[in-house]
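Notes follow the structure.
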Amino acid sequence: MWGSSNNTPPPPGTPPASRPIVFISYSHDSPEHRERVLALSTRLRQDGIDTRLDRYVNGAPPQGWPRWMLDQLDAAHYVLVICTPTYYRRFRGHEAPGIGKGVDWEGALITQETYDSRGNTLKFVPVFLTAPDLASIPEPLRSKNYYALTGEDSYSAL
């Protein structure tokens, strides 16, 4: 996606608990968008980040998707929020009934955790995979630094 990484992965045998855990919250906008998200996750994993993504679940998780998402948000050190107009609409609950329930649920959880911390959290990171559309950042995250992953420098900054 952005070329090869100059970062060195953790040495072999490094316990997984010592690596940062990153959950990626995104909407299934299109097959191409899903592949860009997967490419980002793959790159992060190659760089030693324990990345959690729904695409790694075979079928449905035994505890069901709502609890799986809650467990992932609880376990994550950081949550990359992949901002698009579709993600924003679903985060806000402004989608047609029955569509985008995952982002709607994650949005409620992210909003609650941000509210409980009085906005004093660095856990949620707005990310763009294309040129940024700042109106697509959900309101609870608009005061946070965002990253537009349009090149190697922006990936390194993230």
Side-chain angles (χ1 to χ4, degrees), residues 1-11 14-29 33-57 61 63 65-88 90-92 100-158:
M1 180 176 229
W2 299 280
S4 64
S5 168
N6 294 328
N7 296 335
T8 305
T14 300
S18 67
R19 297 176 6 203
I21 297 172
V22 171
F23 177 63
I24 300 178
S25 178
Y26 73 106
S27 55
H28 294 203
D29 293 24
H33 179 68
R34 287 180 49 171
E35 290 308 309
R36 284 192 298 272
V37 171
L38 181 60
L40 170 61
S41 179
T42 300
R43 170 81 186 273
L44 289 166
R45 282 181 163 208
Q46 290 169 348
D47 289 339
I49 307 296
D50 181 358
T51 308
R52 312 288 174 90
L53 187 67
D54 63 349
R55 300 272 308 267
Y56 301 139
V57 176
Q63 70 271 46
W65 285 112
R67 285 203 173 133
W68 181 87
M69 289 182 267
L70 183 57
D71 291 344
Q72 300 314 308
L73 287 165
D74 284 347
H77 296 106
Y78 298 99
V79 176
L80 301 186
V81 176
I82 309 300
C83 300
T84 65
T86 300
Y87 185 92
Y88 177 79
R90 292 176 180 175
F91 185 102
R92 293 292 311 269
K101 292 189 298 185
V103 173
D104 190 1
W105 176 245
E106 288 171 11
L109 297 171
I110 291 168
T111 299
Q112 187 64 51
E113 191 167 331
T114 303
Y115 178 77
D116 288 345
S117 73
R118 299 179 131 175
N120 190 20
T121 179
L122 300 176
K123 183 174 183 173
F124 304 104
V125 181
V127 172
F128 294 94
L129 300 181
T130 58
D133 172 9
L134 301 183
S136 295
I137 299 175
E139 286 83 356
L141 306 179
R142 287 197 178 159
S143 66
K144 308 298 179 195
N145 289 334
Y146 68 86
Y147 297 85
L149 301 182
T150 56
E152 195 60 38
D153 288 343
S154 57
Y155 178 83
S156 295
L158 174 67

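Quick caveat: nothing in here was measured; it's all calculated off a predicted structure.
Between the Arg34 side chain and the His28 main chain, no donor and acceptor come within less than 3.5 Å of each other. Judged by distance alone, the side chain of Ser41 and the main-chain N or O of Val37 form no donor-acceptor pair under 3.5 Å. When atom types are taken as modelled, the side chain of Ser136 and the backbone of Tyr88 share no donor-acceptor pair closer than 3.5 angstrom. For Lys144 (side chain) and Gly119 (main-chain N/O), a donor-acceptor pair under 3.5 Å exists by modelled atom type. No donor-acceptor distance shorter than 3.5 angstrom exists from the side chain of Arg90 to the backbone of Trp105, with no hydrogens or angles considered.
Nearest heavy-atom pair across Leu149 and Ser154 is CA-OG, 3.4 Å. Smallest separation of non-hydrogen atoms from Val79 and Ala76: CG2-CB, 4.0 Å. Counting all heavy atoms, side chain and backbone alike, Lys123 lies closest to His77 at CG-O, 3.6 Å. Here the shortest heavy-atom pairing between Leu129 and Arg36 reads CD1-CB, 3.8 Å.
In this structure, Glu139 pairs ionically with Arg92, as a charged nitrogen and a carboxylate oxygen lie closer than 4.0 Å. Note on Arg43 versus Asp47: salt bridge recorded, some NZ/NE/NH1/NH2 to OD/OE distance being below 4.0 Å.
A distance of 6.5 Å separates OH in Tyr146 from CD1 in Ile137, rounded to the nearest 0.5 Å. With values rounded to the nearest 0.5 angstrom, Asp74 atom CG is found 11.0 Å from Ile21 atom CD1. To the nearest 0.5 angstrom, Arg52 atom CZ is 11.5 Å from Leu73 atom CG. Atom CZ in Phe124 sits 9.0 Å away from atom OG1 in Thr111 (nearest 0.5 Å). Taking CG of Leu44 as the reference point, atom OH of Tyr78 lies at 13.0 Å (rounded to 0.5 Å). The CD atom of Gln63 lies 10.0 Å from the CG atom of Leu70; values are rounded to the nearest 0.5 Å.
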Check step by step if side-chain contact (heavy atoms from CB on, under 4.5 Å) holds for Trp65 and Lys101.
-> CA-CA 10 Å; Trp65 285 112; Lys101 292 189 298 185; over 6 Å; no
Please assess Ile82 against Leu40 for the test side-chain contact (heavy atoms from CB on, under 4.5 Å), listing each intermediate value before the final yes or no.
-> CA-CA 10 Å; Ile82 309 300; Leu40 170 61; 4.0 Å; yes
Apply side-chain contact (heavy atoms from CB on, under 4.5 Å) to Glu35 and Arg55, showing your working.
-> CA-CA 10 Å; Glu35 290 308 309; Arg55 300 272 308 267; 2.9 Å; yes
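Summarising the local packing, CZ of Arg67 is surrounded by 12 or fewer heavy atoms from other residues, nucleotides or ligands at distances under 6.0 Å. Atom CG of Asp116 is surrounded by more than 12 heavy atoms from other residues, nucleotides or ligands within 6.0 Å. Surrounding OH of Tyr115 are at most 12 heavy atoms belonging to other residues, nucleotides or ligands under 6.0 Å away.
Within the 4.5 Å cutoff, the side chain of Val81 has no heavy atoms near those of the Phe91 side chain. Proximity of Thr84 to Ser27: side-chain heavy atoms (C-beta onward) are separated by under 4.5 Å at one or more points.
The aromatic rings of His33 and Tyr26 sit tilted, their planes meeting at an angle between 30° and 60°.
A side-chain N or O of Tyr87 and one of Ser25 form a donor-acceptor pair less than 3.5 Å apart.
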